[in-house]
Amino acid sequence: GAVVSQHPSWVICKSGTSVKIECRSLDFQATTMFWYRQFPKQSLMLMATSNEGSKATYEQGVEKDKFLINHASLTLSTLTVTSAHPEDSSFYICSALARNEQFFGPGTRLTVL
Amino acid sequence: QKEVEQDPGPLSVPEGAIVSLNCTYSNSAFQYFMWYRQYSRKGPELLMYTYSSGNKEDGRFTAQVDKSSKYISLFIRDSQPSDSATYLCAMKAQGAQKLVFGQGTRLTINP
């Protein structure tokens, strides 16, 4: 139990385009999900906390207009990287909260050309 | 000073060795401690979850927490090449949802 999926697993896009990443809890409902960013050989950096039916809470320094988060249902949260630039290239990981534990998705590798 | 300090390594040991991974922390409010394993280009996988000071064992893995010293450890016995991964410590305060991660230690087990 407590499986989290992400789609797509990897994506390549041109600079200036927008990319949407989906995070789904497959066998449980999650009112709270988290979005992280991870650069090579570095730890996870929390970007925002996503709560179903309400606005996401962003960490300091994360642009909310650039990283749009929508948590429209108890099993789905989406992260949209708007007007992506090469510096947005990274590994994006979501997690879902269940039984006071975070269960992580497999991650999405974004490359912006 | 970071809230959680973890030596990034890399750490390389022969197969069968006992591995010791450690983290220190500065925030005495942290009450829950976790160890995650992350394979390259994959999401973190929860290995151990502890609350109280002392030891918790699960198969070849032992998690140790010393709240008085603000120090946690993960021991891996009879290490296998399949244990090669990055190990991340994480912790959170009572009532908190957000985790604070260490930098992660890259471990390689050589056959």
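Below, read A as the first sequence line, B as the second, and so on, with proteins coming before strands; counting in each chain starts at 1. Only heavy atoms go into these numbers, but all of them, side chains included; no hydrogens, no water, no symmetry mates.
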Leading residue by heavy atom contact count with chain A [cutoff under 4.5 Å; candidates B/Q6, B/R106, B/K42]:
B/K42
Sort B/Q97 into side chain, backbone, both or neither according to what part of it lies under 4.5 angstrom from a heavy atom of chain A.
both
Can any side-chain N or O of B/D66 pair as donor or acceptor with the backbone N or O of B/S69 at less than 3.5 Å?
yes
So, the part of B/Y39 with a heavy atom under 4.5 Å from chain A: the answer is neither
At a heavy-atom separation under 4.5 Å, does B/L88 approach chain A through its side chain, its backbone, both, or neither?
side chain
Side-chain (B/Q103) to main-chain (A/Q42) donor-acceptor, under 3.5 angstrom:
no
Could you check, using the six-membered ring where one of them is a Trp, whether B/F33 and B/Y25 have ring centers closer than 6.0 angstrom?
yes
Is the distance between the ring centroids of A/F104 and A/F34 under 6.0 Å?
no
By a 4.5 Å heavy-atom criterion (distance strictly below it), what part of A/Q38 contacts chain B: side chain, backbone, both, or neither?
side chain
Check B/V4 against B/F101 and note the closest heavy-atom contact, atom names and distance.
CB-O, 4.1 Å
Side chain / backbone / both / neither for A/S9 at chain B, heavy atoms under 4.5 Å:
neither
